[in-house]
Amino acid sequence: MSVAEGLSDLLLSRVRDVPDHPKPGIVFKDITPLLADPEAFGALTEALAATARELGATKVVGLEARGFILGAPVALAAGAGFVPVRKAGKLPGATLSQSYDLEYGSAEIEIHAEDLADDDRVLIVDDVLATGGTAEAAIGLVRRTKATLVGLAVLMELGFLPGGERVRLALGEVPYQALVTV
Ligand SMILES: O=P(O)(O)OC[C@H]1O[C@H](OP(=O)(O)OP(=O)(O)O)[C@H](O)[C@@H]1O
Ligand SMILES: Nc1ncnc2[nH]cnc12
């Protein structure tokens, strides 16, 4: 699951730093320029889909909201299904839910457990790993189902925060991939 230097450079060049958003002191990593560039968005999708294929994923779980934008095309490209993890109160069916803290607040996420079959192999996909709280909560949700968690893949890890260490601890032997670390 190594990442070609050219790909890292392309992806990094399309992420915009927005200082003091959404709160003073936060440097927001804005992926909208990357999404607007079909070459970069396509390369990102293909890189994450290659990971999904390598891990034999049958479902991609995407984390609201930016994880939906990345996860849905990755699922299709890898021949897997897509399952959304949503902020609390949005999913209409029976849910599993988990609270967690963010770099700039706190939140609760939910999943329709019935969307994951017992024999599913699940790759969790998101855009940014910051404190790791969201990903850790999603790992917890998937592990409360009978499906098998096979990996966590993100576009970008904020290396100045302890999120990478936190999710590695939570994942144990399960692979973790950040395409770029800043
Ligand atoms: O590692 P963490 O500290 O948990 O932060 C990372 C999460 O924060 C952002 O989502 P956000 O909750 O802002 O939602 P959005 O995708 O709807 O903007 C980002 O898309 C990740 O899901
Ligand atoms: N600094 C940041 N930029 C973009 N998304 C984030 N999610 C959590 N922290 C973030």
Side-chain angles (χ1 to χ4, degrees), residues 15 18 21-23 26 28-32 34-36 41 44-45 47-49 51-52 55 57-158 161 163-164 166-171 174-179:
V15 176
V18 182
H21 178 87
K23 287 184 178 172
I26 301 289
F28 190 82
K29 299 290 180 184
D30 177 22
I31 64 164
T32 59
L34 191 162
L35 301 174
F41 191 17
L44 169 61
T45 300
L48 293 173
T51 299
L55 296 172
T58 57
K59 291 276 166 62
V60 171
V61 163
L63 312 185
E64 184 171 358
R66 286 168 266 156
F68 294 175
I69 303 171
L70 270 46
V74 167
L76 285 179
F82 178 78
V83 176
V85 160
R86 297 214 61 180
K87 305 276 164 65
K90 299 286 187 181
L91 289 171
T95 56
L96 296 173
S97 66
Q98 185 92 27
S99 300
Y100 63 101
D101 292 321
L102 277 170
E103 194 187 2
Y104 40 72
S106 69
E108 188 177 355
I109 53 173
E110 296 182 335
I111 192 168
H112 275 155
E114 68 180 28
D115 290 344
L116 295 180
D118 293 0
D119 61 353
D120 268 328
R121 295 172 59 80
V122 177
L123 173 66
I124 299 172
V125 168
D126 206 358
D127 63 335
V128 172
L129 190 98
T131 66
T134 308
E136 187 182 50
I139 291 165
L141 280 182
V142 172
R143 285 203 168 132
R144 284 162 63 192
T145 73
K146 291 192 174 137
T148 304
L149 179 66
V150 296
L152 164 68
V154 299
L155 160 61
M156 174 172 296
E157 176 181 326
L158 306 187
L161 292 171
R166 183 175 177 181
V167 294
R168 279 191 185 87
L169 207 62
L171 287 165
V174 172
Y176 163 62
Q177 180 184 46
L179 295 178

* Should Leu152 and Asp126 count as side-chain neighbours, where that means a heavy-atom distance under 4.5 Å? -> no

* Asked: Out of curiosity, Ile109 CD1 to Ser99 OG, how far, rounded to the nearest 0.5 Å?
  -> 9.0 Å

* Structure fact -> When every non-hydrogen atom of Gly81 is compared with those of Ala75, the smallest separation belongs to O-CB, 3.6 Å

* Asked: Given Leu70, which of Thr45, Leu34, Leu155 fulfils the side-chain contact (heavy atoms from CB on, under 4.5 Å) condition?
  -> Leu155

* To do: Before giving the answer on side chain to side chain contact (heavy atoms under 4.5 Å, CB included), spell out for Leu48 and Leu179 the whole-Å C-alpha distance, their side-chain angles and the decisive distance to 0.1 Å.
  => CA-CA 8 Å; Leu48 293 173; Leu179 295 178; 3.8 Å; yes

* Asked: Which pair of non-hydrogen atoms, one from Glu110 and one from Lys90, has the smallest distance, and what is that distance?
  -> OE1-N, 4.4 Å

* Asked: Is any side-chain heavy atom of Pro84 closer than 4.5 Å to a side-chain heavy atom of His112?
  -> no

* Asked: Do Leu171 and Leu149 touch side chain to side chain, with heavy atoms closer than 4.5 Å?
  -> yes

* To do: Provide the closest heavy-atom pair for Ile69 versus Pro73 in the form atom of the first, atom of the second, distance.
  => O-CD, 3.1 Å

* To do: Kindly state each residue pair satisfying side-chain hydrogen bond (donor to acceptor under 3.5 Å, both in side chains) with at least one member in residues 139-149, sequence neighbours excluded.
  => Gln98-Arg144

* Structure fact -> Smallest heavy-atom separation, Phe82 atom then Gly67 atom, equals CE1-O, 4.3 Å

* Between Leu96 and Ala113, which heavy-atom pair has the shortest distance, and what is it? -> CD1-CB, 3.8 Å

* To do: Taking the side chain as every heavy atom from C-beta outward, state whether Val154 and Val167 have any pair of such atoms under 4.5 Å apart.
  => no

* Asked: Can any side-chain N or O of Arg168 pair as donor or acceptor with the backbone N or O of Tyr176 at less than 3.5 Å?
  -> no

* Asked: Less than 4.5 Å apart, any side-chain heavy atom of Val128 and any of Leu158?
  -> yes

* Which value, rounded to the nearest 0.5 Å, describes the distance between Ile124 atom CD1 and Thr134 atom OG1? -> 11.0 Å

* Given Ile31 and Leu44, is the side chain to side chain contact (heavy atoms under 4.5 Å, CB included) satisfied, shown in steps? -> CA-CA 11 Å; Ile31 64 164; Leu44 169 61; over 6 Å; no

What donor-acceptor contacts under 3.5 angstrom involve side-chain atoms of residues 57-64, with partners at least two apart or in another chain?
residue : atom : partner : partner atom : Å
Thr58   : OG1  : Asp120  : OD1          : 2.7
Thr58   : OG1  : Arg121  : N            : 2.8
Thr58   : OG1  : Arg121  : O            : 3.4
Lys59   : NZ   : Asp115  : O            : 3.0
Lys59   : NZ   : Asp120  : OD2          : 2.6
Glu64   : OE1  : Arg86   : NE           : 3.0
Glu64   : OE1  : Lys87   : N            : 2.8
Glu64   : OE2  : Arg86   : NH2          : 3.1

* To do: For the residue pair Tyr100 and Thr131, establish whether any side-chain heavy-atom pair is separated by less than 4.5 Å.
  => no

